[in-house]
Protein chains: 2
Amino acid sequence: MNSNRSNVPQGGRESSDLPAQSPQANRESETEQRILDAARQVFILNGFSGARMQAIADKAGINKAMLHYYYRNKQKLFDAVFTEALGKILHVVFAIVESDAPLDDKIPLFFNEYIGILQRHPHMPAFVVNEVNQNGNWLPEIFKKHGVHKPKKLLQQFAEIYQQPELDCPRPEHLMVNMLGLALFPFLAAPLLKRVLNMDDADFAAFLEERKTHLPAFFQQAIKTT
Amino acid sequence: MNSNRSNVPQGGRESSDLPAQSPQANRESETEQRILDAARQVFILNGFSGARMQAIADKAGINKAMLHYYYRNKQKLFDAVFTEALGKILHVVFAIVESDAPLDDKIPLFFNEYIGILQRHPHMPAFVVNEVNQNGNWLPEIFKKHGVHKPKKLLQQFAEIYQQPELDCPRPEHLMVNMLGLALFPFLAAPLLKRVLNMDDADFAAFLEERKTHLPAFFQQAIKTT
DNA sequence: GCAGGCGTCAACCAAATGGTTAAACCCTTT
DNA sequence: AAAGGGTTTAACCATTTGGTTGACGCCTGC
């Protein structure tokens with residue numbers, strides 16, 4: 001689909017997913033937003049190297065040259081999409097995780113909110129994980145840009161639990177990683193899990209919904225010290 | 001790197017990672033194995049669409065045409081690599097998970113063994129997750145080929161714990177997913193975690209090692225019913 | 001020692017792909 | 001209504017890339 005031999009005219013709107021609109025009779029640069037939306041979809045679905053500029057242009061319903069007009073090249077466009085995507089995810093997590101709420105409130109809140117976002121952007125985690133693994137060079141930049149830092153508050157709260165060392169006291173980092181992993185993993189491995197557990201999309205959606213209540217119980221039981 | 005303009009001779013060995021060997025004076029098709037090894041490295045590092053046949057040939061120290069001689073095309077070569085990779089992972093997990101060992105033995109065994117394999121193939125999870133998310137069509141085939149099925153034994157064991165419903169009884173599937181996620185997630189998100197938690201490679205290796213003992217404790221505490 | 005075939009290679013090819021260009025388009029300003 | 005500038009387009013280009021081809025080498029069996 002969307003093939004386009006070289007030296008052959010392009011730019012028809014026939015394959016656009018968005019409703020054709022009278023071009024450019026819009027408010028300030030709606031085009032730019034349509035490009036971003038289209039790019040996000042294509043990049044998330046195919047990854048950086050799998051994404052095709054033509055596919056993005058088609059999905060946005062514009063000429064390929066426009067992509068380079070607004071974003072100089074593929075990498076720049078990708079960076080815009082990715083930075084926004086990763087930023088959105090990180091921002092929400094950190095807002096919850098670094099809040100002043102007591103741990104007993106924070107844990108259910110985290111699982112509820114976080115799984116909630118992920119349900120609305122189910123492909124985000126795999127996308128981010130994939131690209132970060134293939135090229136993590138720009139991570140520092142993005143982290144700086146979004147003010148991401150070691151979540152000291154949460155780690156501190158975890159550390160306090162084990163003041164009286166009844167259980168072997170784990171590094172609080174483990175608990176944080178566990179928390180993230182428990183929430184994120186089903187989204188990362190969704191296709192595999194569906195297949196192994198014999199679930200269709202509806203089953204899986206219900207399964208994820210259950211986890212919003214299961215995970216807080218599971219996690220809080222795991223760190224109970226009494 | 002490894003650029004190669006069209007119509008320009010290729011096939012020098014200068015960029016091979018393997019020691020140059022006298023060609024073809026070897027036992028039955030060592031070449032095939034070298035191709036597989038090289039392909040695995042390149043595919044795992046770059047994904048399907050990011051991998052270049054030329055890069056694989058270079059890494060294997062052979063001519064690009066050989067790739068097509070042994071494996072008709074890129075997809076076939078990828079399938080061979082991927083099937084082997086996913087199979088290896090699934091096989092070990094299922095051997096442990098579906099054994100007759102009692103749950104209290106099985107849980108530490110699982111975390112130990114599984115994290116152990118993953119330490120030796122740290123990029124495998126991200127690779128599998130990525131490709132499975134971008135194209136899960138051939139999952140059924142691979143699953144059939146490796147005899148992967150719903151792990152009934154483990155799920156049964158999980159279900160038995162909650163016979164007396166003191167805690168709210170979660171679907172045993174949740175516990176299985178939790179187990180997998182806890183073990184796998186750090187490998188999937190390694191670059192992110194290193195950055196967020198301020199760990200260098202040595203720190204992170206130690207962190208993973210700790211998890212072999214932390215996770216059984218964490219998990220068993222979480223499912224304790226008394 | 002020569003016929004046949006597997007393995008290997010340099011060279012080649014067509015399509016795909018990211019990127020560029022020059023002209024048009026349309027709205028605003030004067 | 002003409003000038004001017006941001007926006008959009010069709011056509012084009014250079015390079016990359018997966019894949020093919022024809023020949024050569026070398027070992028084996030006769």
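To find a chain, count down the sequence lines: A is the first, B the second, and so on, and within it residues start at 1.
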| task | Could you list the residues that satisfy ring-ring contact (aromatic ring centres under 6.0 Å, His included) with B:F158, not counting sequence neighbours? | result | B:F219
| Distance in angstrom units between B:K64 NZ and C:dT8 P, rounded | 17 Å
| message | Nearest whole Å is fine: how far is D:dT17 P from B:I56 CD1? | response | 12 Å
| request: Could you list the residues that satisfy side-chain contact (heavy atoms from CB on, under 4.5 Å) with B:H91, not counting sequence neighbours? | output: none
| query | Are B:R34 and B:E30 close enough for a salt bridge, meaning some N to O gap below 4.0 Å? | reply | yes
| task | Figure out the CG/C1' separation between A:D58 and D:dT9, and round it to whole Å. | result | 14 Å
| query | Which is true for B:A51 with a 4.0 Å heavy-atom rule: it touches a base, it touches only sugar-phosphate, or it touches nothing? | reply | sugar-phosphate
| said: Expected output is a numbered-order residue list: members of residues 66-73 of chain A with a heavy atom under 4.0 Å from any atom of DNA chain C. What is it? | reply: A:H68, A:N73
| Can a side chain N or O of B:R52 be found less than 4.0 Å away from OP1 or OP2 on D:dT16? | no
| query | For B:M53 and C:dA16, what is the distance between atoms CE and P respectively, to the nearest whole Å? | reply | 17 Å
| request: Kindly write out the residues that satisfy ring-ring contact (aromatic ring centres under 6.0 Å, His included) with B:F94, not counting sequence neighbours, or none if the list is empty. | output: B:H149
| said: Any residue in residues 75-86 of chain B with a heavy atom nearer than 4.0 angstrom to DNA chain D? Just list them by number, or reply none. | reply: none
| query | Think A:T31 has a side-chain N or O under 4.0 angstrom from the OP1 or OP2 of D:dT7? | reply | no
| query | For residues B:N130 and B:Q134, is any side-chain donor paired with an opposing acceptor at under 3.5 Å? | reply | yes
| said: What is the distance, to the nearest angstrom, from the CZ atom on A:F48 to the C1' atom on C:dG18? | reply: 10 Å
| Listed by chain and number, what are the ring-ring contact (aromatic ring centres under 6.0 Å, His included) partners of A:Y114, not counting sequence neighbours? | A:F110
| request: Answer with yes or no whether B:K74 presents, from its side chain, a donor or acceptor under 3.5 Å of a partner atom in the base of D:dG19. | output: no
| remark: Residue set satisfying ring-ring contact (aromatic ring centres under 6.0 Å, His included) with B:F82, at least two apart, ordered chain then number -> B:F78, B:F127, B:W138
| task | Mind checking salt bridge (Lys or Arg N to Asp or Glu O under 4.0 Å) for B:E98 and listing every partner two or more places apart, or none if nothing turns up? | result | none
| message | Can you pull out every side-chain hydrogen bond (donor to acceptor under 3.5 Å, both in side chains) where at least one residue sits in residues 79-89 of chain B? Sequence neighbours excluded, please. | response | B:Q75-B:D79
